Amino acid sequence: MDSREFQKNAHEIVDWMAGYMDKVADYPVRAQTAPGEIKAQLPALPPEGGEPFADLMADFERIIVPGVTHWQHPRFFAYFPANVTPPSVLAEMLVSAMGVNAMLWETSPAATELEEQMLAWLGTMLKLPKDWSGVIQDTASSATFCAVLMARERATDWAVNADGLQDAPKLAFYTSAEAHSSLEKAVKMAGLGRASLRFVPTDKDRAMQPAALAAMMEEDRKNGVKPAMVMATVGTTGVGACDPLQAIGIIARANGALFHVDAAWAGSAMICPEFRHLLDGIESADSFVFNPHKWMGVQFDCSAHYVRERETLVRTFSIAPAYLKTREGVTDYRDWGIQLGRRMRALKLWFVIRSYGVEGLRTMIRNHVAWARELADVIRTTDDFELVTGPILSLMSFRYRPKGMEDEAVDALSDRLLQAVNDDGFTYLTRTLVDDRPVIRIQIGAVQTERSHVMAAWDKVVEIARGLS
Ligand SMILES: *Cc1c(COP(=O)(O)O)cnc(C)c1O
């Protein structure tokens, strides 16, 4: 494909993209596809000769689009958002054409310096400590893995990096039972074993209990186990619980443990002064991650990861002594995480923040939160429904509870309702457990969502529920 053909095809694709944005609400939200259905339409073997672009595009529309779950659908209320604004797409188009690899300053100075500056902007937007350093990781899972490795090396004075785990002291990692599974994955990948994980009990709001954390750490130290890291969460994935950072930070520090804070979803809302209190005490953290790729209109992938001491992070990953660096006085982001090759992810942040302004982004988040509160009031006043948790920011959970029905039957009905709603395709919701019982989660966070989408989706849930019983 030469550049003239590219240009012609690209115009066609941009037309398709704009059309998709206009009509995404017409699709079923969750793909209504049976397992194997897509693969069955794909040839077993790759073509020996090239095919015309028109055929590729036709098959994309015919085979692929029907098998897509539409995360940008205005009635997508499942999981957490992975929302996209048009300026973010445009930035990714440019990055894609340049095919930049941002592994070193020298391999694209603009990528590195824009990344540093965007992390500084985000730090200002969230009111993070000014002396922290930031890096864009692909996902929060990777940032948490980096934090675990940092904690492991700090706790063993870099002995594991040098000599491996055989003679290492036993380490312990603490978090609440509500925390994201990425910590368990990270601890396993770091060679520390699931047995090094401690789940701290939570209170009635499902937030970590600092006193219980302190007691567990003391117990571990008595038994010769070294507290290596505490992970607190602001906005847990299940119900949006927020751990008390200030109190946890003091305990982590007193025990010499690294303090990592995961605000993957809720972090974006911290640009609004009225929600920023959820991050009170963040200055006691050593490591902090949030995902602009969830709720800030910056498309996947883009995780902002901050550390108090960049030396600790860089020393954990650096594979060459400092004196072998290509240049002094520049940032080589290859030493800040797992990958060598890195995408240029800062351009989409720059485009999005400049296009909307911080105030524009705040308005989107405030609307989502306001509609969530309004919906919560509707659920509370609907007799045969129960609001179970929240809303915390724009996340809540509920169950359908027809009068006089036993808990066990209510739980079975909740799962049946969820399946019926998602099979219907008008909206898309997901499930979690609260006190070991299934509930249906709803979060509002898509860029195109309006108040009317929220209310229409709720009416549909009520209609389907009442048809079930
Ligand atoms: C979504 C989420 C994660 C995982 O995010 P990825 O970027 O997909 O790895 C981790 N923690 C919390 C609290 C989340 O909501």
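Along the sequence shown, the residues carry numbers beginning at 1. As the structure is a prediction and not an experimental result, all values here were calculated from the model.
In this structure the side chain of Cys146 reaches within 4.5 angstrom of the side chain of Leu313, judged on heavy atoms. No side-chain heavy atom of Val307 sits under 4.5 Å from any side-chain heavy atom of Thr312. A heavy-atom distance below 4.5 Å is not found between the side chains of Thr85 and Ser355. Contact of the Met296 side chain with the Val352 side chain is not registered, since no non-hydrogen atoms from C-beta on lie closer than 4.5 Å. Between Val230 and Thr175, every side-chain heavy-atom pair lies at or beyond the 4.5 Å cut-off. Within the 4.5 Å cutoff, no side-chain heavy atoms of Ile282 are placed close to those of Met270. The closest side-chain heavy-atom distance from Trp295 to Met364 is below 4.5 Å. Leu192 places a side-chain heavy atom less than 4.5 Å from the side chain of Arg152.
Asn83 places a side-chain N or O within 3.5 Å of a backbone atom of Gly445 that can act as its donor or acceptor partner. Using modelled atom types, one side-chain atom of Ser394 and one backbone atom of Ile444 make a donor-acceptor pair closer than 3.5 Å. Side-chain N or O atoms of Glu61 include none that pairs as donor or acceptor with a backbone N or O of Leu56 at under 3.5 Å. His453 places a side-chain N or O within donor-acceptor distance of the main-chain N or O of Glu450, the cut-off being under 3.5 Å. Under the 3.5 Å distance criterion, the side-chain polar atoms of Asp286 are left unmatched by any main-chain donor or acceptor of Leu258. Between the Ser88 side chain and the Gln299 main chain, a donor and an acceptor come within less than 3.5 Å of each other. In terms of modelled atom types and a separation under 3.5 Å, the side chain of Thr33 and the main chain of Pro66 share a donor-acceptor contact. Of the possible donor and acceptor atoms, one in the side chain of Gln72 sits under 3.5 Å from a partner among the backbone N and O of Val84. The backbone N or O of Gly238 lies less than 3.5 Å from no partner atom in the side chain of Glu178, so there is not a single donor-acceptor pair. The backbone N or O of Thr237 sits less than 3.5 Å from a side-chain atom of Arg441, completing a donor-acceptor pair.
A cation-pi contact, defined as under 6.0 Å to the ring centre and within 45° of the axis, links Lys460 to Phe426.
Atom OG of residue Ser268 and atom NE2 of residue His293 lie 9.5 Å apart, to the nearest 0.5 angstrom. To the nearest 0.5 Å, atoms CG (Leu413) and CG (Asp407) are separated by 12.5 Å. In this structure, the separation between CD1 on Ile136 and OH on Tyr333 is 7.5 Å, given to the nearest 0.5 Å. Expressed to the nearest 0.5 Å, how far OG of Ser196 lies from NZ of Lys226 amounts to 14.5 Å. Taken to the nearest 0.5 Å, the OG1 atom of Thr430 stands 9.5 Å off from the CD1 atom of Ile440. With rounding to the nearest 0.5 angstrom, the CD atom of Glu386 is 9.0 Å from the OG atom of Ser397.
By the 4.0 Å N-to-carboxylate-O rule, Glu115 lies too far from Arg345 to be salt-bridged with it. Residues Arg466 and Asp384 are paired through a salt bridge, judged by an N-O separation under 4.0 Å between the basic side chain and the carboxylate. Remark: Asp423 engages Arg30 in a salt bridge, criterion side-chain N to carboxylate O under 4.0 Å. For Glu359 and Arg362, the salt-bridge test passes: some basic side-chain N is under 4.0 Å from an acidic carboxylate O.
Across Ala304 and Leu122, no two heavy atoms sit closer than the pair CB-CD1, 4.0 Å. Considering every non-hydrogen atom in both Ala155 and Leu171, the closest pair reads CB-CD2, 3.8 Å. The two residues Pro244 and Pro210 have their closest heavy-atom pair at CG-CG, 3.8 Å. His73 and Val24 make their closest contact through CD2-O, 3.2 Å (heavy atoms, listed as atom of the first residue, atom of the second, distance). Contact between Ala212 and Pro201 at its shortest, heavy atoms only, is CB-CD, 3.8 Å. Listed here is the closest heavy atom pair of Gly123 and Tyr306: N-OH, 3.2 Å.
Trp265 and Gln443 form no side-chain donor-acceptor contact under 3.5 Å, judged by distance and modelled atom types alone. Side-chain contact check for His260 and Thr144: at least one donor-acceptor pair (N or O, by modelled atom type) lies under 3.5 Å. Under the 3.5 Å distance criterion, with hydrogens and angles disregarded, a donor-acceptor pair is assigned to the side chains of Ser303 and Asn291. With hydrogens and angles left out, the side-chain atoms of His180 and Ser182 include a donor and acceptor closer than 3.5 Å.
When each of Arg342, Gln339, His305 is checked for a side chain to side chain donor-acceptor pair (under 3.5 Å) with Gln137, only His305 meets the rule.
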After noting the C-alpha distance and the side-chain angles of Tyr356 and Thr363, does the key distance pass the side chain to side chain contact (heavy atoms under 4.5 Å, CB included) rule? CA-CA 10 Å; Tyr356 295 92; Thr363 299; over 6 Å; no
Would Arg308 and Glu283 count as a side chain to side chain contact (heavy atoms under 4.5 Å, CB included) if you check the C-alpha gap in whole Å, the side-chain angles of each, and the deciding distance to 0.1 Å? CA-CA 9 Å; Arg308 167 196 303 282; Glu283 59 283 352; 5.7 Å; no
Residue pair Ile38, Ile63: steps toward the side chain to side chain contact (heavy atoms under 4.5 Å, CB included) verdict: CA-CA 7 Å; Ile38 306 300; Ile63 302 171; 4.0 Å; yes
Apply ring-ring contact (aromatic ring centres under 6.0 Å, His included) to residues Trp71 and Phe300 and explain how you reach the verdict. CA-CA 11 Å; Trp71 286 71; Phe300 190 83; 8.8 Å; no
Should Asp424 and Ile464 be marked as a side chain to side chain contact (heavy atoms under 4.5 Å, CB included) after you check the CA-CA gap, both sets of side-chain angles, and the distance that decides it? CA-CA 9 Å; Asp424 173 83; Ile464 293 175; 3.8 Å; yes
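With a 6.0 Å radius and a threshold of 12 heavy atoms from other residues, nucleotides or ligands, Glu408 has its CD atom at or below the threshold. Within a 6.0 Å sphere centred on CD of Gln41, heavy atoms belonging to other residues, nucleotides or ligands number more than 12. Within a 6.0 Å sphere centred on NZ of Lys23, heavy atoms belonging to other residues, nucleotides or ligands number more than 12. Heavy-atom neighbours of Arg62 CZ from other residues, nucleotides or ligands within 6.0 Å: above the threshold of 12.
Ring-plane geometry between Tyr428 and Tyr79 is classed as perpendicular, the angle between the planes exceeding 60 degrees on a 0 to 90 degree scale with a lower cut at 30. Classified by interplanar angle (parallel below 30°, tilted 30° to 60°, perpendicular above 60°), the ring pair Phe398/Phe385 is tilted.
Residues Tyr20 and Tyr27 place their aromatic rings such that the two centres sit under 6.0 Å apart.
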